[in-house]
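Chain naming here is simple, since letters A, B, ... match the order of the sequence lines and numbering starts at 1 in each.
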Amino acid sequence: MAKQVKTAISPTRNEDYPEWYQQVIKASDLAERSPVRGCMVIKPWGYALWENIVQAMDNLFKATGVKNAYFPLFIPLSFLEKEAEHVEGFAKECAVVTHHRLEKGEGGRLEPAGPLAEPLVVRPTSETIIGDSFSRWVSSYRDLPILINQWANVVRWEMRTRIFLRTSEFLWQEGHTVHATAEEALERTRMMLDVYTTCVEEYLAMPVIQGHKSPAERFPGAVDTLCIETMMQDRKALQSGTSHFLGQNFARASEIKFQSAAETEEYAWTTSWGSSTRMIGGLIMTHGDDDGIILPPKVASAHVVLLPIIRKPGDQQSVMDFTEKLALELKEQTYHQRKVVVEIDDRDIGGARGWDWIKKGIPLRVEIGPRDIAQNSLFVGRRDQASNENKAIDRDQFVAAITDILDEIQQNLFQRALAHRKEHTVAIEDKKTFYEF
RNA sequence: CGGGGCGUAGCGCAGUCUGGUAGCGCACUUGAAUGGGGUUCAAGGGGUCGGAGGUUCAAAUCCUCUCGCCCCGACCA
């Protein structure tokens with residue numbers, strides 16, 4: 001008799017949301033905790049998801065004229081001291097490198113040796129080190145604008161970490177631009193917020209609300225910080241990207257000056273904008289259900305898993321042939337600039353196999369047995385539908401329709417998240433009502 | 001960093017109060033039977049009991065210190 005298990009994940013979201021989050025990640029095969037405090041190991045299933053997000057976002061950046069570059073991991077301590085408010089905000093929570101050698105000490109232990117003349121800070125963000133380069137890249141208004149992005153890791157020694165949502169080290173992109181006028185810099189600040197909105201809504205299927213951060217929440221040294229927020233299933237908001245108008249603050253700190261057409265020397269206007277692996281945390285908390293994560297097709301690590309069902313040894317050959325031929329045809333389909341990614345799972349582990357893929361959030365599961373082959377059909381389960389709602393679909397129709405089905409899932413996930421947000425949003429016009437609420 | 005909880009096999013836990021041969025479930029390996037929703041049976045492998053020091057004939061268990069994890073709070077640029 002099959003074990004009576006109602007949901008693949010325990011506890012459910014309603015029972016204990018934070019614990020559900022931990023469990024759903026464990027079951028998803030996306031990532032795991034590492035021996036290093038607050039740091040995570042991103043496993044292949046999770047990294048493929050990140051690569052797809054990177055790809056989508058990178059294309060959107062480049063479409064606005066942004067180019068990628070790379071700057072050092074280490075920032076001289078003195079660089080961080082240049083911008084007064086920046087100093088305030090970044091004085092804490094940084095990893096600092098003070099030595100450059102290890103020596104064998106007492107009892108064979110390795111001990112730091114060779115103190116550095118100036119400590120190096122592992123970048124928590126790169127305004128200052130990139131600003132240093134910009135100061136040399138800019139001398140004339142003809143050099144502007146400069147539109148740079150880097151994909152990198154950064155370290156922020158947070159007191160409390162949660163996998164994907166806030167880790168000591170995380171992967172992100174940081175864009176840094178330099179402009180001749182405040183208007184142009186402001187326009188860029190808003191433009192990149194729109195790019196984030198597009199990416200998060202169209203690829204991650206998460207409805208976004210744009211806004212301004214309060215002065216207290218503003219990036220240290222910024223004149224204005226714009227952000228996008230998304231509502232999780234526990235009805236809390238998650239910041240999923242920020243875009244900063246830095247005014248001339250960092251230009252003054254880093255001496256980014258240029259000669260204008262009117263032959264005057266002026267400080268440039270800069271922006272910076274970032275988004276990180278936290279988006280994956282948001283994705284999990286937006287779409288996940290009590291059976292695990294649900295990956296939106298446009299960024300899913302894989303689109304469809306084929307599950308051959310072999311009952312008798314004699315069926316092995318014909319089922320596998322049918323499966324592999326189907327895989328080849330599916331892989332030829334293109335879904336939003338990406339070839340359809342197909343997994344074949346022929347492990348002989350019974351029903352646990354299907355549940356593995358449900359927990360991993362793959363959009364489509366296809367069971368292939370002798371019965372299906374006889375009828376040239378497939379038994380298809382969609383991750384955005386109940387786990388027992390599988391349907392028989394004609395094989396050739398499925399191949400022809402797979403991109404439409406994936407689109408349907410993508411849309412469905414977005415609409416579901418949007419409905420959830422609407423249901424739990426209240427418009428409040430005055431302070432009194434707000435505090436009462 | 002403050003409050004609370006917890007560290008025993010890959011995961012989840014019992015054993016700790018009352019010191020006496022290291023256990024259970026799942027996972028894993030092998031074999032067999034099954035087979036379209038977590039199947040069953042059998043036989044196996046795997047543990048410095050987070051770490052260090054102490055008490056004792058004897059420590060997972062008692063004492064001291066320490067490290068780490070989870071939740072809440074502050075922080076989250």
Side-chain angles (χ1 to χ4, degrees), chain A residues 1-11 16-23 25-27 32-39 80 83 85-94 121 123-128 154-163 165-168 170 172 174 213-222 225 227 238-239 242-244 246 249-250 272-274 276 278 281 291-292 307-313 315-316 319 347-359 365-375 377-381 386-392:
Chain A
M1 245 337 261
K3 259 193 294 184
Q4 289 300 306
V5 181
K6 282 182 189 148
T7 62
I9 303 298
S10 176
D16 184 346
Y17 199 78
E19 182 59 23
W20 168 83
Y21 181 76
Q22 303 284 340
Q23 292 303 324
I25 284 180
K26 197 174 284 180
E32 62 188 23
R33 312 188 15 71
S34 82
V36 184
R37 196 204 93 109
C39 294
L80 288 180
E83 212 290 330
E85 285 183 43
H86 209 53
V87 173
E88 282 293 307
F90 283 85
K92 296 167 277 184
E93 331 298 9
C94 286
V121 177
R123 62 181 164 221
T125 181
S126 305
E127 275 74 9
T128 57
V154 288
V155 169
R156 298 176 183 179
W157 213 263
E158 304 291 354
M159 288 296 99
R160 184 179 159 205
T161 58
R162 291 182 75 189
I163 201 158
L165 294 172
R166 177 166 299 108
T167 44
S168 299
F170 55 89
W172 81 337
E174 49 181 322
K213 283 293 190 190
S214 65
E217 293 176 309
R218 200 175 280 158
F219 178 72
T225 290
C227 60
L238 183 76
Q239 174 189 305
T242 49
S243 187
H244 315 290
L246 303 176
N249 295 345
F250 282 86
S272 69
W273 24 278
S276 71
R278 167 186 280 187
D291 287 333
L307 304 166
I309 290 160
I310 295 150
R311 286 206 276 176
K312 300 181 219 103
D315 295 336
Q316 167 97 26
V319 172
R347 291 175 299 164
D348 185 15
I349 56 170
R353 185 176 59 167
W355 284 104
D356 265 9
W357 290 99
I358 290 172
K359 289 184 276 194
R365 306 180 303 281
V366 176
E367 294 180 15
I368 301 162
R371 233 149 61 200
D372 307 294
I373 294 174
Q375 295 164 24
S377 75
L378 305 166
F379 206 54
V380 178
S387 61
N388 58 0
E389 237 184 84
N390 305 359
K391 282 194 200 86

Undergrad: Taking the P atom in each of C6(B) and G47(B), what is the distance between them to the nearest angstrom?
TA: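 Roughly 28 Å separates the two P atoms.
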Undergrad: Taking NZ from Lys26(A) and C1' from C11(B), how many angstroms apart are they, rounded to a whole number?
TA: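 That distance rounds to 6 Å.
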Undergrad: Asp356(A) side chain to Arg353(A) main-chain N or O, any donor-acceptor pair under 3.5 Å?
TA: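 Not confirmed, Asp356(A) side chain does not pair with Arg353(A) backbone.
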Undergrad: Only pairs with both distances under 3.5 Å count, Watson-Crick or wobble alike; so what is the partner of C17(B) in this structure?
TA: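 Across all strands, not a single nucleotide pairs with C17(B).
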Undergrad: Starting at CG of Asp372(A) and ending at C1' of G35(B), how long is that distance when rounded to a whole Å?
TA: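 About 14 Å, once rounded to whole Å.
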Undergrad: Does the structure show a Watson-Crick or G-U wobble partner for U29(B), both distances under 3.5 Å? Name it, or say none.
TA: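 Checking every strand shown, U29(B) finds its partner in A43(B), with both distances under 3.5 Å.
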Undergrad: Arg311(A) has an atom CZ; how far is it from atom P of A33(B), in whole Å?
TA: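 So the two atoms are 17 Å apart, to the nearest Å.
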Undergrad: Kindly give the heavy-atom pair with the smallest separation between Gln23(A) and Pro11(A), and that separation in Å.
TA: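 Looking at all heavy atoms of both residues, the closest pair is CG-CD, 4.1 Å.
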Undergrad: Between A22(B) and G51(B), how far apart are the two P atoms, rounded to whole Å?
TA: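 It works out to 15 Å between them.
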Undergrad: Now, which nucleotide makes the Watson-Crick or G-U wobble pair with C49(B), with each of the two distances under 3.5 Å?
TA: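 In the structure as shown, C49(B) has no Watson-Crick or wobble partner.
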Undergrad: What is the nucleic acid contact for Gly354(A), judged by heavy atoms within less than 4.0 Å: base, sugar-phosphate only, or nothing?
TA: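 The residue Gly354(A) makes no contact with any strand.
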Undergrad: Can you tell me the base-pairing partner of G7(B)? Count Watson-Crick or G-U wobble geometry only, both distances below 3.5 Å, and say none if there is no partner.
TA: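 Check on G7(B): paired to C67(B), both distances under 3.5 Å.
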Undergrad: State the CG-CG distance between Asn390(A) and Leu378(A), to the nearest 0.5 angstrom.
TA: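 If I round to the nearest 0.5 Å, the distance is 12.0 Å.
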Undergrad: Keeping the roles fixed (side chain from Glu174(A), backbone from Ser126(A)), state whether a donor-acceptor pair exists under 3.5 Å.
TA: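 It does hold such a pair.
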Undergrad: Say we look at A59(B) and U8(B): how far apart would their C1' atoms be, to the nearest angstrom?
TA: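 The answer is 14 Å between these two C1' atoms.
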Undergrad: Would you indicate which nucleotide in G36(B), C69(B), A77(B) comes nearest to any side-chain atom of Phe219(A)?
TA: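 Nearest to the side-chain atoms of Phe219(A), counting from C-beta on, is A77(B).
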Undergrad: Provide the distance between the two C1' atoms, one in G15(B) and one in A9(B), to the nearest whole Å.
TA: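 Taking atom C1' in both G15(B) and A9(B), they lie 15 Å apart.
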Undergrad: Whole-Å distance between G35(B) P and Ile310(A) CD1?
TA: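 In whole Å, G35(B) P and Ile310(A) CD1 are 15 Å from each other.
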Undergrad: Within the structure shown, what part of the strands sits under 4.0 Å from Lys359(A) by heavy-atom distance: base, sugar-phosphate, or nothing?
TA: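 If one applies the 4.0 Å heavy-atom cut-off, Lys359(A) turns out to touch a base.
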Undergrad: So, taking the atom named CD in Glu158(A) and the one named CG in Leu165(A), what distance separates them when rounded to the nearest 0.5 Å?
TA: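 That separation rounds to 12.0 Å.
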Undergrad: Rounding to an integer number of angstrom, what distance separates C62(B) and C69(B) when you compare their P atoms?
TA: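 My reading of the P atoms in C62(B) and C69(B) gives 24 Å.
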Undergrad: Roughly, in whole Å, what's the span from CD1 in Ile349(A) to P in U30(B)?
TA: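 Interatomic distance, CD1 of Ile349(A) to P of U30(B): 14 Å.
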Undergrad: How far, in whole Å, is G7(B) from U61(B) if one measures between their C1' atoms?
TA: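 Nearest-Å result for U61(B) against G7(B) at atom C1': 15 Å.
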Undergrad: For U34(B), which nucleotide is its Watson-Crick or G-U wobble mate, given both distances must be under 3.5 Å?
TA: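 Its partner is none (no Watson-Crick or G-U wobble pair with both distances under 3.5 Å).
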Undergrad: What is the base-pairing partner of C24(B), counting Watson-Crick and G-U wobble geometry with both distances under 3.5 Å?
TA: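 Check on C24(B): paired to G12(B), both distances under 3.5 Å.
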Undergrad: I need the Thr167(A) OG1 to Arg156(A) CZ distance, nearest 0.5 Å.
TA: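 Reported value, rounded in 0.5 Å steps: 10.5 Å.
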Undergrad: Could you tell me how far apart Glu158(A) (CD) and C70(B) (P) are, to the nearest whole angstrom?
TA: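 So the CD-P distance, Glu158(A) to C70(B), works out to 14 Å.
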Undergrad: P atom, G45(B) versus C24(B): distance in rounded Å?
TA: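 12 Å, rounded to whole Å.
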Undergrad: Taking NE2 from His244(A) and P from A77(B), how many angstroms apart are they, rounded to a whole number?
TA: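 Whole-Å distance recorded here is 8 Å.
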Undergrad: Between C69(B), G38(B), C71(B), which one does the side chain of Gln22(A) approach most closely?
TA: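 Among the listed nucleotides, the one closest to the side chain of Gln22(A) is C71(B).
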Undergrad: I need the CH2-P distance between Trp357(A) and G38(B), as an integer number of Å.
TA: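 That distance rounds to 19 Å.
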Undergrad: To the nearest 0.5 Å, what is the distance between CZ (Phe379(A)) and CD1 (Ile309(A))?
TA: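 These two atoms lie 8.5 Å from each other.
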Undergrad: Can you figure out which of G36(B), C71(B), A77(B) approaches the side chain of Phe379(A) most closely?
TA: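 The answer is G36(B), which lies nearest to the side chain.
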Undergrad: With a 3.5 Å limit on both atom pairs, tell me what C1(B) is paired to, counting Watson-Crick and G-U wobble, or say none.
TA: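 Pairing partner: G73(B).
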Undergrad: Among the nucleotides A77(B), C71(B), G36(B), which one has an atom lying closest to any side-chain atom of Arg371(A)?
TA: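 Of the options given, the side chain of Arg371(A) lies nearest G36(B).
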Undergrad: Under a 3.5 Å cut-off for both distances, is C62(B) Watson-Crick or wobble paired, and to whom?
TA: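 Looking at the geometry, C62(B) pairs with G54(B).
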Undergrad: If I pick the P atom on C28(B) and the same atom on U21(B), what distance separates them, to the nearest angstrom?
TA: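 Per the computed distance, 32 Å lies between those P atoms.
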Undergrad: Report yes or no: is there a donor-acceptor pair, N or O only, under 3.5 Å between the side chain of Asp348(A) and the base of G35(B)?
TA: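 Donor-acceptor pair under 3.5 Å: yes.
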